[in-house]
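Here is how names work: the chains are called A, B, and so on, in the same order as the sequence lines, proteins then strands, and each is numbered from 1.
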Amino acid sequence: MTTALPDLPEGYYLDNFRRLLDTVVDRYDDLLSPDDRDFVKRFRALNQAPARLLVRLYTRKGPFFRRDKLNYPEIPDLDAALTDLAQSGLVDLSPELTAGELARLLTLAELRRLDWLPDRKAAKAVLLEMLDEWPDVQPASDWQVDIPILLPRHWLTLRRLQLMYFGNEYQSLTDFVLSDLGLFQYEPYSLDRRQRRFNTALEIDQQLALNDLKAEYYQAQENGDRDTLLQLAGDLLRDDWCESIRDRLDRLRNRVGFRLEQWGELDTALALFQTNDQPPARERRCRIDYKAGRYQIAWDTLQQLRDRPRDATEIRFGQRFMPRLARKLSQPVDPDPVHAPIEHRACWPRGNGSVEQLACEHLPDSVWLENLLPLGVFGLIHWDLVFREVPGAFHHPFQQGPADLHDPDFLNRRGTSPQRLYRELTARDARDRIRRHWSAKFGRFNPFVHWAALDETLVLRCFDTVPWEHWVAIFHHLWLDLRRHRAGFPDLFQFRPGQDAGYRFIEIKGPGDRLQDNQRDWLAVFSEAGIPAEVWYVDYA
DNA sequence: ATCGAATTCG
DNA sequence: TTCACACACTCAG
DNA sequence: GAGTGTGTGTCTCGAATTCGATAC
Ligand SMILES: [Mn+2]
């Protein structure tokens, strides 16, 4: 099915960029760096053609470009535009670059014509790796390449502008386009101009720095690069990070800590885990102290964790670790009751698809949707709450959800709580909301509703089948930690008219597969709430 | 010749 | 903003 | 039970283009 896309006006991308720039200057004038200001001044002085060209470049990857790869019918005199950009100081027409940077601009054939190439036979990837070691920086002509190369000078400012506008670094000007084309539909909330996403220049710099560290982390862990990781840990352990990026910072600290723990750097890992209480920090602290024989310290941490568990992983850890640690300290143990899930065995001939699909075919009237079904019901019922316009929730028109969705006080800030929510909401109203939102909001982004996976009949039937108290129990658990509790839901939902509860959740396990922790966590919730859930172990006939 | 990854565009 | 899950293996008790 | 490491499908658009790797 192909639907015709609407035409965009010529130069639409420049309009979009100006919208972004004007918004940022309007909101964050006091937070702009000298470079940012310099850029704004120069850019606003440009004529249309050079301005268009620059924005074209900014929507591409770069950072260097070959002149002969630029071709825009709506900018007829490209060279004149380039000259303007060079005179404005926005583009460097003879930038110095490393051999690696240059090589990325050339095809393999072009590359092999160069005298200084160390290996004429090598594959391009190998060549790039070699050339990346070369420190020399010089203009392309000095590398004996006569293709004109250019470099926009303000990439960092572009990064900062986009960060200020979107509040993140994964959205960009394409979000304007996709929205205009109707490919991405966003809830039309009104924007909040009272509370800004950033309040100091330092926050912006630190968020950029944190994103860099994150990228470095992925790189380092992929390469098994311990030294880089240790150095990274040093940066993360500094105490001059802003409070406003605390959450993101702690998550990275824990990730780096976890990897360092695996690599045997226990001291550094422990230091990282000691900076915060975000799961799994306290669990890891306990385990590291336990292994080091510091049982009393581990015990103290464990008590705090059990007193006030942050999420299901901490509850589970507390239950399992308590007896072990108590034995070491000769403390009396009173093990928590453990819910044993209902288990079944089945033996079916192997099919073409996955074991879940096979089970879905054998179990009548079942669907394989994992968490998409409960999350979809959750999202449809709570649509208005999620998109309620409270200060600080919506900063730009392209958000899938409110900025503070994952903050622990999300509900509090909206003047409610899980208890209050479901005291005031009846099953009839909830059903009505699902129907209303399905037709009124269809296709719009929502952090919980994945439209393509669901259909209205199924969602309503499922809603009607599961008793409202069961939904409420599921929702309560979701609210405890929207980020961590959205995974681990059983594979299948089966309708069973007239039998038992009329439905059941089923987690399918193929040969050799076992329950994961977050799946256990949901099963514990189900067991607590009397929700029918089973684990089926499948063998192939 | 063919395939897939990366890039660009609207 | 990458992750969630299945699958496979080891080790200890 | 606990830990580690892999592979696989999501990569929330889809068409067009280019390039490199691989096989023949
Ligand atoms: Mn399963």
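Proximity note for A:Arg259 (side chain, C-beta onward) versus D:dA2, D:dA21, D:dG5: the nearest is D:dG5. Here the side chain of A:Arg255 is nearest to one of D:dG3, D:dA21, C:dT2, namely C:dT2. Between C:dC5, D:dT12, D:dC13, one nucleotide has an atom nearer to the side chain of A:Phe445 than all others, and that is D:dT12. For A:Tyr218, the side-chain atoms get nearest to C:dC3 when compared with the rest of D:dG20, D:dC13, C:dC3. Counting only heavy atoms from C-beta on, A:Arg514 has its side chain closest to D:dA2 among C:dC7, D:dA2, C:dC5.
Taking side-chain N and O atoms only, A:Gln171 has no distance below 4.0 Å to OP1 or OP2 of C:dT1. Distances shown here put a side-chain N or O of A:Lys214 below 4.0 Å from the OP1 or OP2 atom of C:dT1. Side-chain nitrogen and oxygen atoms of A:Gln262 include at least one within less than 4.0 Å of the OP1 or OP2 phosphate oxygen of D:dT4. The phosphate of D:dA2 (OP1 or OP2) has no side-chain N or O of A:Arg316 nearer than 4.0 angstrom. For the pair A:Gln400 and D:dT12, the criterion of a side-chain N or O lying under 4.0 Å from OP1 or OP2 is not met.
Nucleic acid contact class of A:Asn168 (heavy atoms, under 4.0 Å, all strands): none. Contact annotation for A:Leu108: backbone-only contact, meaning every heavy-atom pair under 4.0 Å involves sugar-phosphate atoms and none involves a base. Contact annotation for A:Arg444: no contact, since no heavy-atom pair falls under 4.0 Å across all strands. Residue contacts for A:Arg56: at a heavy-atom cut-off of 4.0 Å it reaches the sugar-phosphate backbone alone, with no base atom in range. Backbone-only engagement by A:Arg248 is indicated by non-hydrogen atom pairs under 4.0 Å involving sugar-phosphate atoms exclusively. Residue-level contact check: A:Tyr72 touches the backbone only, with heavy atoms under 4.0 Å from sugar-phosphate atoms and none from bases. Looking at heavy-atom distances under 4.0 Å, A:Arg251 makes contact with sugar-phosphate atoms alone, never a base. Within 4.0 Å (heavy atoms only), A:Leu8 reaches sugar-phosphate atoms of the nucleic acid but no base atom. Looking at heavy-atom distances under 4.0 Å, A:Ala452 makes no contact with the nucleic acid at all. Backbone-only contact: A:Glu356 has heavy atoms under 4.0 Å from sugar-phosphate atoms and none from a base. Contacts of A:Arg327 with the nucleic acid, taken as non-hydrogen atoms under 4.0 Å apart, are absent.
Helical stems of DNA chain D (runs of at least 3 Watson-Crick or G-U pairs, donor-acceptor distances under 3.5 Å) are listed by first residue: B:1-10 with D:13-22, C:3-11 with D:1-9.
When each of A:Phe317, A:Tyr290, A:Tyr295 is tested with A:Leu302 by the rule side-chain contact (heavy atoms from CB on, under 4.5 Å), just one qualifies, namely A:Phe317.
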Check the pair A:Glu261, A:Arg284 against salt bridge (Lys or Arg N to Asp or Glu O under 4.0 Å), reporting the backbone distance first and the verdict last. CA-CA 9 Å; A:Glu261 185 190 350; A:Arg284 300 324 306 172; 2.9 Å; yes
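C:dC5 and D:dC11 have their C1' atoms separated by 15 Å, with the value rounded to a whole Å.
Here the range on DNA chain B touched by chain A, meaning any atom under 4.0 Å from one of its heavy atoms, is B:dT7 to B:dG10.
Rounded to a whole Å, the CD atom of A:Gln319 is 14 Å from the C1' atom of D:dG1.
The two residues A:Ala487 and A:Trp522 make their nearest non-hydrogen contact at O-NE1, 3.1 Å.
Side-chain contact check for A:Lys509 versus A:Leu515: some heavy-atom pair is nearer than 4.5 Å.
Between A:Phe184 and A:Phe398, the distance from one ring center to the other does not fall under 6.0 angstrom.
Looking at A:Arg246 and A:Asp250, a side-chain N of the basic residue comes within less than 4.0 Å of a carboxylate O on the acidic one, giving a salt bridge.
By the neighbour-count criterion of 12 heavy atoms within 6.0 Å, atom CG of A:Asp267 is sparsely surrounded, having that number or fewer from other residues, nucleotides or ligands.
A:Gln319 and A:Arg316 share no donor-acceptor pair across their side chains, judged by distance under 3.5 Å alone.
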